[in-house]
Amino acid sequence: MLNRYARAFFTKVFTPLARLLLKLGVSPDVVTLVGTLGVCVGALAFYPRHEFFWGTIVITAFVFSDTLDGIMARMSNRSGNWGAYLDSTLDRVGDAAIFGGLVLWYAGDGRDTLMAALALACLILGSVVSYSKARAEGLGMTANVGIAERADRLVAVLVATGLVGLGVPEVLLTVVLALLAVASFITVCQRVLTVRRQALSRA
């Protein structure tokens with residue numbers, strides 16, 4: 001949902017920056033790599049120390065590289081299979097770092113088994129959501145269904161984590177992680193059933 005409504009807005013916002021970076025000779029791949037590195041640093045350097053607010057600020061500053069590199073690729077006519085592959089692969093790395101940082105805190109000094117389990121569930125199920133679509137496409141089918149797209153999951157966890165870092169009761173993050181885990185599970189089921197129908201229709 002957020003992908004559909006936010007794409008046009010952020011394209012307008014980042015187009016001048018994309019144009020400037022291209023003039024400076026920066027490639028979309030470099031932006032993708034730097035953005036992923038920034039997200040990982042923000043998540044793994046701050047979240048395990050319970051610095052949720054500043055970790056979220058750093059992550060948010062770099063997570064928009066996922067939009068910026070796409071704009072740059074289209075402007076420079078470099079859109080292709082390699083860029084899509086690199087972007088998708090590194091998206092998984094960034095997502096894993098975010099939820100992994102939460103797991104490290106709650107399984108360590110945070111000492112909250114439930115929260116650690118919820119964050120781990122989100123990490124695992126989020127990866128399966130992405131894999132289920134990629135595998136379907138690799139087999140010549142589609143799995144463009146689901147109630148928990150990547151952008152929705154990212155916005156939800158970053159907003160909740162940042163607010164907890166500002167002093168909002170931690171129950172907010174508990175509820176958000178639980179809902180994301182359930183929504184991700186439902187999305188996996190939706191995609192599996194969608195692919196099953198396509199596979200049976202070809203039999």
Side-chain angles (χ1 to χ4, degrees), residues 1-21 26 28-74 83 86-106 110 115 118-123 125-127 129-130 148-181 183-184:
M1 182 180 295
L2 289 175
N3 280 336
R4 291 194 297 269
Y5 293 105
R7 190 183 304 276
F9 172 76
F10 285 113
T11 296
K12 291 181 180 180
V13 170
F14 289 115
T15 292
L17 177 58
R19 187 176 291 111
L20 174 62
L21 291 173
V26 179
D29 290 350
V30 169
V31 173
T32 303
L33 290 168
V34 171
T36 301
L37 179 61
V39 169
C40 290
V41 169
L44 298 177
F46 290 90
Y47 281 3
R49 296 187 298 173
H50 203 222
E51 296 179 5
F52 284 179
F53 176 73
W54 290 112
T56 299
I57 292 296
V58 173
I59 293 168
T60 302
F62 284 97
V63 79
F64 287 110
S65 65
D66 191 46
T67 300
L68 181 60
D69 59 8
I71 298 171
M72 292 173 65
R74 289 190 293 274
L86 180 66
D87 191 54
S88 180
T89 300
L90 294 184
D91 280 350
R92 307 290 82 73
V93 175
D95 294 354
I98 292 170
F99 289 104
L102 293 174
V103 172
L104 289 173
W105 164 251
Y106 287 111
M115 291 292 283
L118 289 174
L120 182 60
C122 289
L123 191 162
L125 289 169
S127 296
V129 165
S130 299
E149 295 183 2
R150 178 176 183 264
D152 302 316
R153 299 196 306 270
L154 273 183
V155 169
V157 71
L158 290 177
V159 169
T161 305
L163 289 174
V164 169
L166 286 173
V168 173
E170 202 164 57
V171 66
L172 171 65
L173 185 55
T174 304
V175 171
V176 167
L177 289 177
L179 290 175
L180 286 180
S184 297

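On a predicted model such as this, the values are computed, not experimentally measured, just so you know. Heavy atoms only: backbone and side chains are in, while hydrogens, waters and symmetry mates are out.
Between Phe52 and Phe46, the ring centre distance reaches or exceeds 6.0 Å.
In this structure, Phe53 has no ring pair (Phe, Tyr, Trp, His ring centres under 6.0 Å) partners at least two apart in sequence or on a different chain.
Considering all non-hydrogen atoms of both residues, Ala181 and Cys122 come closest at N-SG, 3.7 Å. Between Thr36 and Gly94 the shortest heavy-atom distance is CG2-N, 4.4 Å. Counting all heavy atoms, side chain and backbone alike, Arg153 lies closest to Gly126 at NH2-O, 3.8 Å. Nearest heavy-atom pair, Val129 versus Ser184, reported as atom, atom and distance to 0.1 Å: CG2-O, 3.5 Å. Pro48 and Ala43 get closest at one heavy-atom pair: CD-O, 3.2 Å. Nearest heavy atom pair, residue Leu118 against residue Thr174, reads CD1-O, 3.8 Å.
A distance of 5.0 Å separates CD1 in Ile98 from CG in Leu154, rounded to the nearest 0.5 Å. Asp87 CG to Asp69 CG: the interatomic distance, rounded to the nearest 0.5 Å, is 4.5 Å. How far CG of Leu20 is from OG1 of Thr15: 12.5 Å, rounded to the nearest 0.5 Å. Note: Ser127 OG to Asp91 CG = 11.5 Å, rounded to the nearest 0.5 Å. Between the CG atom in Leu90 and the CG atom in Asp95 there is a gap of 11.0 Å [rounded to 0.5 Å].
Using a 4.5 Å heavy-atom cutoff, the side chains of Leu21 and Leu68 are in contact.
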Test side-chain contact (heavy atoms from CB on, under 4.5 Å) on Leu37 and Leu33; report intermediate values, then the result. CA-CA 6 Å; Leu37 179 61; Leu33 290 168; over 6 Å; no
Would Tyr47 and Ile59 count as a side-chain contact (heavy atoms from CB on, under 4.5 Å) if you check the C-alpha gap in whole Å, the side-chain angles of each, and the deciding distance to 0.1 Å? CA-CA 10 Å; Tyr47 281 3; Ile59 293 168; 3.6 Å; yes
Are Val93 and Cys40 close enough, and set up right, to give a side-chain contact (heavy atoms from CB on, under 4.5 Å), and what steps lead you there? CA-CA 8 Å; Val93 175; Cys40 290; 3.8 Å; yes
Take Leu102 and Val157, measure what side-chain contact (heavy atoms from CB on, under 4.5 Å) needs, and give me the verdict at the end. CA-CA 10 Å; Leu102 293 174; Val157 71; 4.0 Å; yes
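Screening Val176, Thr56, Leu172, Leu173 for a side chain to side chain contact (heavy atoms under 4.5 Å, CB included) with Leu163, the sole residue that qualifies is Leu172.
Here side-chain hydrogen bond (donor to acceptor under 3.5 Å, both in side chains) pairs that include residues 154-171, with residues two or more places apart or in two chains, are Tyr106-Glu170.
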